[in-house]
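Below you'll find the structure, written out as structure tokens, and then a few comments.
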Amino acid sequence: MSPQQGEPSPLAGKRIVLGVTGGIAAYKAIEISRRLVDAGAHVVPIMTEAAQHFVGTTTLSALASEPVQTELWHNPTTPIPHTEVGQGADLIIVAPATAKAIAAYRMGYSHDLLQNTLIATRAPVIVCPAMHTEMWEHPSVVDNIAVLRERGVHIVDPESGRLAGGDVGAGRLASPESVVAAAERVLGSRDLAGTTVIVSAGGTREPIDSVRVIANRSSGKQGYAVAAEAASRGALVTLVSTVTLPVPSGVEIVAVETAAEMQEAIESRSASTDVIVMAAAVADFRPVSVADHKLKKRDGAPQIVLESTPDILAGLGAAKPAGQVLVGFAAETNDLVANAQSKLERKHLDLIVANDVGAPSVGFAHDTNAVTLLRPDAEPVEIDLAAKRDVARAVINTIVEIRAAAEIETQTGKI
Ligand code: CTP
């Protein structure tokens with residue numbers, strides 16, 4: 001077997017300017033900075049004067065890649081900081097972006113270091129607004145955002161939720177995860193642009209009665225990571241999920257619970273889909289009959305008779321349209337490669353991702369995974385223990401390879 005590491009993030013080695021403006025959500029910029037640095041980016045932090053009322057420069061300096069810059073004048077590092085920082089950037093992220101910062105950027109009103117940097121750069125810009133709902137919905141802000149979008153600025157829309165002062169509504173800064181995902185999308189490879197992808201995630205729940213279910217330990221994290229990675233590379237992703245994790249940005253979510261619901265959601269879309277990744281842990285058995293009320297203890301322990309669920313992946317493999325790439329997962333506790341190999345053949349797959357769910361830090365509920373990638377007529381490839389997102393990147397890279405090889409075959413056939 002040829003060992004392989006999880007692939008590096010598209011942010012690795014990139015110079016990212018993180019502009020922090022004066023809103024209560026400024027504290028979240030610290031977490032965004034940490035995640036960008038963890039992904040291998042060099043983070044150049046800039047804070048406006050107002051931002052410093054909310055968080056200290058020392059905190060952000062400690063978690064970025066260099067000390068925070070705040071001054072257009074009397075800058076200790078260079079006499080012309082805005083052109084130097086702006087021209088050297090691969091990406092600028094403004095998070096949080098206040099209504100004032102958005103208005104200034106729209107107008108090119110270059111009164112401070114951040115605004116000067118924004119208009120001195122040719123790098124892509126991501127703006128992450130955060131403000132009260134009334135402000136976010138005000139026509140001036142709506143208009144400014146529309147103009148920035150038209151100019152090609154990437155806007156990471158705020159989320160709905162609890163705001164400062166206890167109010168609830170739209171305007172809360174997008175999660176650090178969503179901001180970093182947007183950065184990956186902007187800087188990442190677009191090798192799946194326009195490709196339609198379905199990913200299933202989580203364990204199905206099969207009802208016994210109106211309150212009880214047969215479930216499994218799948219957390220859905222690996223499926224969500226595959227969906228996020230595919231979307232970051234330009235794919236149009238539908239995530240058919242049984243769990244409620246934060247939805248990766250740009251991904252369409254279809255919530256399901258049972259194997260039958262998952263089958264319906266996938267089969268109704270499968271014919272027009274280029275890639276299907278079955279990362280879900282689908283129950284193999286379900287109760288034959290479901291009580292429409294809660295079974296009572298006083299009636300004694302019930303005899304629950306089980307029947308097999310449909311094998312969704314096998315069905316997709318049997319009816320696979322030409323050119324579609326079908327990927328399965330195999331959760332095994334022994335004979336990993338042999339068992340996964342047999343599933344690969346039996347279900348007519350192009351790739352199977354096998355994980356030894358009994359190994360430490362691997363599989364269900366962990367943030368890390370170690371897998372073996374198996375393809376028909378190819379040597380198995382081992383991906384050593386890595387973050388689930390890095391494993392997802394290796395899976396998507398393999399899918400891109402399979403699609404490229406199929407493309408060459410089709411072209412050669414035509415000649
Ligand atoms: N799968 C499916 N429908 C099922 C069961 C499994 O689509 N009813 C898919 C899973 O999503 C996964 C692959 O099949 O991609 C393998 O699942 P796994 O549970 O490992 O294998 P099984 O086919 O159930 O075989 P076994 O019980 O022998 O391990």
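In this text the structure is predicted, and so the values were computed from the model without any measurement.
- Across all non-hydrogen atoms, the minimal contact from F329 to A279 is CD1-CA, 3.6 Å.
- Between the CG atom of L239 and the OH atom of Y224 there is a distance of 5.0 Å, given to the nearest 0.5 Å.
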Considering only distance and modelled atom types, tabulate donor-acceptor pairs under 3.5 Å from the side chains of residues 252-261, sequence neighbours left out.
unit_1, atom_1, unit_2, atom_2, d
E252, OE1, T238, OG1, 3.2
T258, OG1, E261, N, 3.1
E261, OE1, E257, N, 2.7

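- Atom-to-atom distance recorded for I92:CD1 and I126:CD1 is 10.5 Å, nearest 0.5 angstrom.
- In this structure A314 satisfies the side chain to side chain contact (heavy atoms under 4.5 Å, CB included) test together with D311, K347, sequence neighbours excluded.
- The OG1 atom of T57 sits 6.0 Å away from atom CD of Q52, with the distance rounded to the nearest 0.5 Å.
- One distance of note links OH of Y27 with CG of L173; it measures 8.5 Å at 0.5 Å rounding.
- Using a distance-only test at 3.5 Å, with no hydrogens or angles considered, a donor-acceptor pair links the side chain of D274 to the main chain of T196.
- Looking at heavy atoms from C-beta onward, I214 lies out of side-chain contact with R286 at the 4.5 angstrom threshold.
- Heavy-atom minimum distance, G220 versus V243: CA-CG2, 4.2 Å.
- Ion pair R389/E177 not flagged as a salt bridge, since none of the NZ, NE, NH1 or NH2 atoms sits closer than 4.0 Å to an Asp/Glu carboxylate oxygen.
- Using a 4.0 Å cut-off between a side-chain N of Lys or Arg and a carboxylate O of Asp or Glu, R15 and E66 qualify as a salt bridge.
- One distance of note links CD of E382 with CG of L374; it measures 10.0 Å at 0.5 Å rounding.
- Counting only heavy atoms from C-beta outward, the side chains of V199 and V237 approach each other to under 4.5 Å.
- A distance of 8.0 Å separates OG1 in T117 from CG in D112, rounded to the nearest 0.5 Å.
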